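Report on one structure; see the data block that follows.
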Amino acid sequence: MKLQLNKKRNYVLKKQYDAIIIGAGIIGCCTAYELAKKGYKTLNIDKMPSAGDGSTSDTCAIIRFHYSTPDGVAMAREGYFYWLNWGHYLGLVDPAGMAKYINTGCLLIKTERNKYGRNFMSSMDELGVVYQELTPEQMVDKLAIADTRQYGPPVTMDDPRFGQPTTDSLHGGVYIPETGYINDARLSTRNVQTACEARGGSFLYNTEVTDIVKKDGRAAGVKLKDGTVINATVVVNVAGPHSYQINEMAGVIQGMNISTRSLRVEVSHVPSPEGFDYTHLGMMITDGDVGNYSRPETGNNVLIGSEEPDCDELHWVDDPDDYNKNLSDQWSLQVMRQAQRIKGLPIPQNRSQGLVSLYDCSDDWIPIYDKSDLPGFYMAVGTSGNQYKNAPAVGVMMAELIKACENGHDHDKEPVSYKMEFTRRLCNIGFFSRLREINKNSSFSVVG
Ligand SMILES: Cc1cc2nc3c(=O)[nH]c(=O)nc-3n(C[C@H](O)[C@H](O)[C@H](O)COP(=O)(O)OP(=O)(O)OC[C@H]3O[C@@H](n4cnc5c(N)ncnc54)[C@H](O)[C@@H]3O)c2cc1C
């Protein structure tokens with residue numbers, strides 16, 4: 001099939017669509033793309049100026065497989081193959097450029113909190129993800145500047161134990177060679193928009209949804225800030241950190257056992273240790289011992305985020321449009337913790353490099369991909385700082401779910417399942433249900 005690129009992007013807004021997707025982040029775009037492939041006339045609406053300008057623009061875009069549950073690993077594994085075959089997934093080459101996957105490998109530090117990596121390893125075993133267990137000495141073979149002393153459990157900066165090793169040696173680590181990141185998350189989202197447009201999808205920017213229209217006991221469209229109503233048979237909440245507000249508009253909160261809320265997070269960027277080529281010799285490190293995750297960043301830098309160790313206070317945000325966007329002591333804390341693991345990591349005195357953003361967290365840090373109690377209203381929310389990598393696989397899942405439910409399937413009673421394209425594993429969408437009990441196997445952190 002020859003696909004037409006819609007170069008001008010100035011659509012004539014219709015009054016009726018098959019599906020309105022609230023949000024044009026990576027997951028909103030992938031959901032629309034898969035629905036468009038199934039023949040739905042889709043419209044993504046976003047209050048930002050272009051695709052991927054929401055929390056997707058702040059993502060660290062790490063593609064990795066160590067999730068606490070086999071279902072978590074399966075989604076990440078499935079998503080990985082779409083990123084590896086990006087052009088084939090899109091079905092075109094975007095004239096704006098194509099996002100690229102960069103492999104770095106991953107060093108996972110074994111800690112008591114992560115049960116010395118046992119859940120991760122058994123989940124990866126189930127999916128055939130290759131890994132090697134490493135002694136502390138072998139860790140240095142992989143990353144010459146690694147400090148293999150144990151510093152954990154992590155403590156706050158004002159604790160006298162901060163920065164002091166607790167023992168001379170870690171318990172070891174796990175090396176996962178297939179791990180990396182996408183070089184440009186915004187571009188990847190625009191790539192998916194372009195692919196969706198080629199399938200007839202439309203996008204509306206600088207436009208805020210203020211209400212969900214209901215008719216005859218089901219969702220029937222959305223109301224915009226200027227009062228315009230756009231009708232649709234299906235409405236999907238993919239609003240990222242605004243997911244709670246959109247669910248409230250739809251009146252579906254009472255019918256959920258798992259809820260979502262916004263968490264303020266910071267990401268620190270610092271230069272690599274002097275004379276070390278971190279771009280080529282560094283790797284992603286997931287390090288519960290110091291309480292951080294990190295990866296090489298463009299320009300021989302190190303990007304650092306928090307793994308929410310137990311000692312840290314979490315900063316929940318009531319209004320995702322009103323929170324402190326300045327870097328704080330959290331930035332310094334993350335850098336100082338990382339300097340415990342990477343020998344010679346500089347600790348700059350000014351906090352100029354980094355960002356502040358929001359995760360859309362669920363109660364158990366596992367996303368909600370589901371229908372709702374309002375027929376025709378669906379949600380892909382609670383992505384908890386760890387679902388960028390899964391977006392293409394989530395798009396497929398949401399399209400399967402919507403199609404089945406719109407054809408009369410009772411997903412709450414008998415969860416929809418389908419065979420994933422690459423892993424050939426059966427995906428039971430019920431795992432991500434809004435009605436589930438809190439999943440006790442979760443890490444209750446960004447690790448998922
Ligand atoms: C700092 C940070 C680091 C991360 N690192 C990783 C990582 O390394 N690996 C990984 O896999 N994941 C990571 N994530 C998570 C990942 O980025 C997110 O799960 C993913 O980007 C969410 O995409 P989305 O499309 O659901 O949401 P978003 O990108 O937030 O898109 C939602 C959109 O909805 C729009 N919207 C909201 N309300 C309205 C309204 N009323 N009307 C119109 N539009 C509205 C917003 O403007 C926004 O553009 C990270 C997230 C953050 C914040």
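Please read these numbers as outputs of a predicted model, since none were measured by experiment. In listed order, ligands and their atoms are each counted from 1.
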(message) Strictly below 4.0 Å, N to O, side chains only: are Arg218 and Glu406 in salt-bridge contact?
(response)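 Answer for the salt bridge query: yes.
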
(request) Would you please indicate yes or no on a ring centroid separation below 6.0 angstrom for Trp83 and Tyr80? (result)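 Judged by ring-centre distance (under 6.0 Å), Tyr80 and Trp83 do not meet the cut-off.
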
(request) Just go through Ile246, Thr56, Asp53 and tell me whose heavy atom is the nearest to atom 21 (O) of ligand 1. (result)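 It is Thr56 whose heavy atom sits nearest to atom 21 (O) of ligand 1.
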
Indicate yes or no: does an N/O atom of [X] lie under 3.5 Å from an N/O atom of ligand 1?
{"X": "Val265", "value": "no"}
{"X": "Ile27", "value": "yes"}
{"X": "Ile22", "value": "no"}
{"X": "Lys389", "value": "yes"}
{"X": "Leu358", "value": "no"}

(request) Using non-hydrogen atoms of the residue, decide whether Thr207 is closer than 4.0 angstrom to ligand 1. (result)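 Contact check Thr207 vs ligand 1: positive.
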
(request) Quick one: sort the Phe432 and Tyr369 rings into parallel, tilted or perpendicular, breaks at 30° and 60°. (result)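 Rings of Phe432 and Tyr369: tilted, 30 to 60°.
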
Ligand 1 versus [X], non-hydrogen atoms closer than 4.0 Å: side chain, backbone, both, neither?
{"X": "Lys47", "value": "both"}
{"X": "Thr59", "value": "both"}
{"X": "Ala61", "value": "backbone"}
{"X": "Ser357", "value": "side chain"}
{"X": "Val446", "value": "neither"}

[atom] [closest protein heavy-atom partner, distance rounded to 0.1 Å]:
{"atom": "atom 38 (N) of ligand 1", "answer": "His242 CB, 3.4 Å"}
{"atom": "atom 8 (O) of ligand 1", "answer": "Ile62 N, 2.8 Å"}
{"atom": "atom 18 (C) of ligand 1", "answer": "Thr383 OG1, 3.8 Å"}
{"atom": "atom 46 (C) of ligand 1", "answer": "Asp46 OD1, 3.4 Å"}

(message) With side chain to side chain contact (heavy atoms under 4.5 Å, CB included) as the criterion, how do Tyr151 and Arg337 come out once you've worked through the C-alpha distance, each side chain's angles and the decisive distance to 0.1 Å?
(response) CA-CA 9 Å; Tyr151 288 89; Arg337 282 180 173 159; over 6 Å; no

(request) Could you tell me the separation between the NE2 atom of His242 and the OG atom of Ser55, rounded to the nearest 0.5 Å? (result)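 Nearest 0.5 Å value for the NE2-OG distance: 10.0 Å.
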
(request) Run the numbers for me: atoms of ligand 1, each under 4.0 Å from some heavy atom of Ile45, listed by number. (result)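 What qualifies from ligand 1 is 43 (C), 44 (N).
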
